[in-house]
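As the structure is a computational prediction, the values presented were derived from the model and not from experiment. Every chain is numbered from 1 and lettered A, B, ... according to where its sequence line falls, protein lines coming before strand lines.
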Number of protein chains: 2
Amino acid sequence: MSTVLVVDDDPRLQRTLSIALRAHSHHVLTANDGRTALAVVAEESPDVVILDLGLPDLDGTEVLRRIRQTSLVPVIVLSARHESDDKVEALDLGADDYVTKPFGVEELLARVRAAGRRAGDIGRQLGVIETSHFTLDFAERRAVVAGRDIRLTPTEWRVLEALCREPGHLVTQQDLLRSVWGPSYGRESNYLRVYANQLRRKLEPDPAVPRHLITEPGLGYRFVL
Amino acid sequence: MSTVLVVDDDPRLQRTLSIALRAHSHHVLTANDGRTALAVVAEESPDVVILDLGLPDLDGTEVLRRIRQTSLVPVIVLSARHESDDKVEALDLGADDYVTKPFGVEELLARVRAAGRRAGDIGRQLGVIETSHFTLDFAERRAVVAGRDIRLTPTEWRVLEALCREPGHLVTQQDLLRSVWGPSYGRESNYLRVYANQLRRKLEPDPAVPRHLITEPGLGYRFVL
DNA sequence: CCGGCGCGTCAAGATCGCGTCAAGAGCCGT
DNA sequence: ACGGCTCTTGACGCGATCTTGACGCGCCGG
């Protein structure tokens with residue numbers, strides 16, 4: 001399914017994890033120290049990294065920092081229970097999750113799946129969305145409506161992204177506001193009405209009778225292909 | 001996913017909680033004292049509030065009381081004291097959960113998830129309800145009756161939610177009124193008759209002979225599949 | 001047979017949410 | 001500094017939705 005890099009200097013733990021991960025059909029890479037880990041991340045670009053903070057050569061947080069300089073790969077940090085400061089630091093540096101030892105293998109597997117899923121969701125670019133009337137290329141930021149190139153503003157693109165992540169699904173006003181304008185905009189405002197209007201004018205065949213950008217009164221909007 | 005407000009005057013605890021919550025992909029807002037907390041609740045309408053009772057300016061219970069004057073947001077109360085009086089008082093004032101310090105971060109995270117679920121995703125838990133004649137998708141707010149998409153109003157959905165929580169079971173008029181129109185509407189009124197009527201017209205094969213939305217005279221209504 | 005009670009039905013008025021417009025502020029490149 | 005493009009914000013009208021009151025009908029007990 002996915003490639004997981006296990007970074008740990010304890011051969012026993014490494015072995016246990018490898019077996020468990022392979023049993024769940026992950027591809028497993030291993031590294032015993034920080035330098036090797038960095039090399040493997042660079043060479044193989046794994047989908048998930050499991051990183052023990054207690055390493056022989058480099059400090060675990062240092063490894064994490066360097067990984068983050070070049071990669072957004074999800075990192076799950078392992079640490080002994082008492083090193084809570086490390087934990088805090090690791091998460092600040094961009095770890096995606098932490099697990100304190102001792103831990104159950106099942107728990108770790110669940111977190112690997114979760115991390116992979118989160119990354120996949122983020123990484124999954126919207127690519128191209130096509131309807132009978134217009135085409136949206138999110139990667140290129142190009143919109144073609146009825147054969148003509150149309151300019152959309154940055155905010156319009158972001159609204160569309162939030163709506164098109166799951167075509168056909170309802171997106172609540174709150175979700176829309178938060179993913180476009182940030183967490184603080186949880187309440188109603190004119191934004192959505194104005195931008196829904198704007199988008200309909202630019203995209204819909206007949207803005208007065210929306211076919212793709214559907215409003216769900218009191219709830220939010222739905223984008224249908 | 002959801003926005004959590006952490007109200008605590010201990011910077012260390014605040015930091016730990018923030019990091020843990022962010023690691024589980026919540027948005028985090030913080031407040032060091034009661035006044036700020038009230039302002040943030042009013043301005044940002046978070047999805048969950050974690051409230052420490054020991055605050056510098058206002059008494060924690062007072063903060064809770066004022067939050068409840070304007071908002072139904074789920075509140076999880078933290079307290080160092082083992083005094084059960086506080087616990088009782090807090091729960092009376094409308095706290096949704098109560099955690100005594102010291103506590104495990106995982107435990108708190110679980111309670112945040114639980115609180116968020118109770119409050120936000122009421123519809124989502126119901127999933128899809130299907131009968132021989134119509135299908136209701138509460139998450140997507142879609143109703144298909146005899147193969148056709150039917151539009152239901154927000155209040156109609158809320159009534160259906162209350163009815164469908166336990167298909168086949170009797171739901172009393174009081175329960176219905178309370179869960180749709182709020183705690184103050186314990187008394188009889190026309191609401192239920194009007195909306196039962198409305199729903200039957202939209203959903204029943206023959207509104208004159210209800211097969212799914214059954215009246216229990218003097219008691220309430222029953223939804224049967 | 002009669003009267004009360006509870007439910008179904010209807011319709012009118014009040015209210016709410018959305019679409020629309022436009023003015024002004026902020027930002028950027030020139 | 002200037003001009004153009006965006007974003008923000010307030011105002012307004014309209015249609016959908018909610019609320020409320022009135023009325024009729026059937027059931028049940030007196």
Go through [options] for me and flag the one nearest to the [X] side chain.
X: A:Tyr191; options: D:dT20, D:dT9, C:dG8; answer: D:dT9
X: B:Thr153; options: D:dT17, D:dT6, D:dT19; answer: D:dT17
X: B:Arg193; options: C:dT9, D:dT9, D:dC7; answer: C:dT9
X: A:Pro154; options: D:dC7, D:dT8, C:dG19; answer: D:dC7
X: B:Arg201; options: C:dC7, C:dC10, D:dT8; answer: C:dC10
X: A:Tyr195; options: D:dT6, D:dC7, D:dC18; answer: D:dC7
X: B:Asn197; options: D:dT20, C:dT9, D:dC18; answer: C:dT9

Requested in this report: May I ask you to say what B:Arg158 touches in the nucleic acid, namely base, sugar-phosphate or nothing, with a heavy-atom cut-off under 4.0 Å?
Outcome: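 No contact.
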
Nearest-Å distance for atom pair [atom1]/[atom2], residues [X] and [N]:
X: B:Lys202; N: D:dA16; atom1: NZ; atom2: C1'; answer: 10 Å
X: B:Gln173; N: C:dG8; atom1: CD; atom2: C1'; answer: 13 Å
X: A:Glu216; N: C:dG19; atom1: CD; atom2: P; answer: 11 Å
X: A:Gln198; N: D:dT8; atom1: CD; atom2: P; answer: 12 Å
X: A:Asn190; N: C:dG17; atom1: CG; atom2: C1'; answer: 11 Å
X: A:Asp206; N: C:dG19; atom1: CG; atom2: P; answer: 14 Å
X: A:Glu156; N: D:dC5; atom1: CD; atom2: C1'; answer: 11 Å
X: A:Leu192; N: D:dC7; atom1: CG; atom2: P; answer: 14 Å

Please answer whether the main-chain N or O of [Y] pairs with a side-chain N or O of [X] as donor and acceptor at a distance below 3.5 Å.
X: A:His169; Y: B:Glu140; value: no
X: B:Arg200; Y: B:Leu213; value: yes
X: B:Glu156; Y: B:Thr153; value: yes

Over the length of the helix from C:dC1-D:dG30 to C:dT30-D:dA1, how much do the five-pair end axes diverge, rounded to 10 degrees?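 Overall, the helix from C:dC1-D:dG30 to C:dT30-D:dA1 bends by 30° from one end axis to the other.
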
Using a 6.0 Å cut-off, check whether atom CZ of A:Arg35 has over 12 heavy atoms from anything other than its own residue.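 It does not: A:Arg35 CZ has 12 such atoms or fewer within range.
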
Does OP1 or OP2 of [N] have a side-chain N or O of [X] closer than 4.0 Å?
X: A:Thr155; N: D:dC7; result: yes
X: A:Tyr221; N: C:dG19; result: yes
X: B:Trp181; N: D:dC18; result: no

Worksheet item: Less than 4.0 Å between a side-chain N and a carboxylate O, is that true for A:Glu161 and A:Arg158?
Response: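 No, this pair does not count.
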
With A:Tyr195, which of A:Trp157, A:Tyr221, A:Trp181 fulfils ring pair (Phe, Tyr, Trp, His ring centres under 6.0 Å)?
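When ring pair (Phe, Tyr, Trp, His ring centres under 6.0 Å) is applied between A:Tyr195 and each of A:Trp157, A:Tyr221, A:Trp181, only A:Trp181 qualifies.
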
Reference residue A:Asp149; test salt bridge (charged side-chain N to carboxylate O under 4.0 Å, His left out); the match among A:Arg141, A:Arg142, A:Lys202:
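Testing each of A:Arg141, A:Arg142, A:Lys202 against A:Asp149, the sole residue satisfying salt bridge (charged side-chain N to carboxylate O under 4.0 Å, His left out) is A:Arg142.
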
query = Looking at the rings of A:Phe134 and A:His212, which for Trp means the six-membered one, are their centres under 6.0 Å apart?
reply =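 They qualify: ring centres under 6.0 Å apart.
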
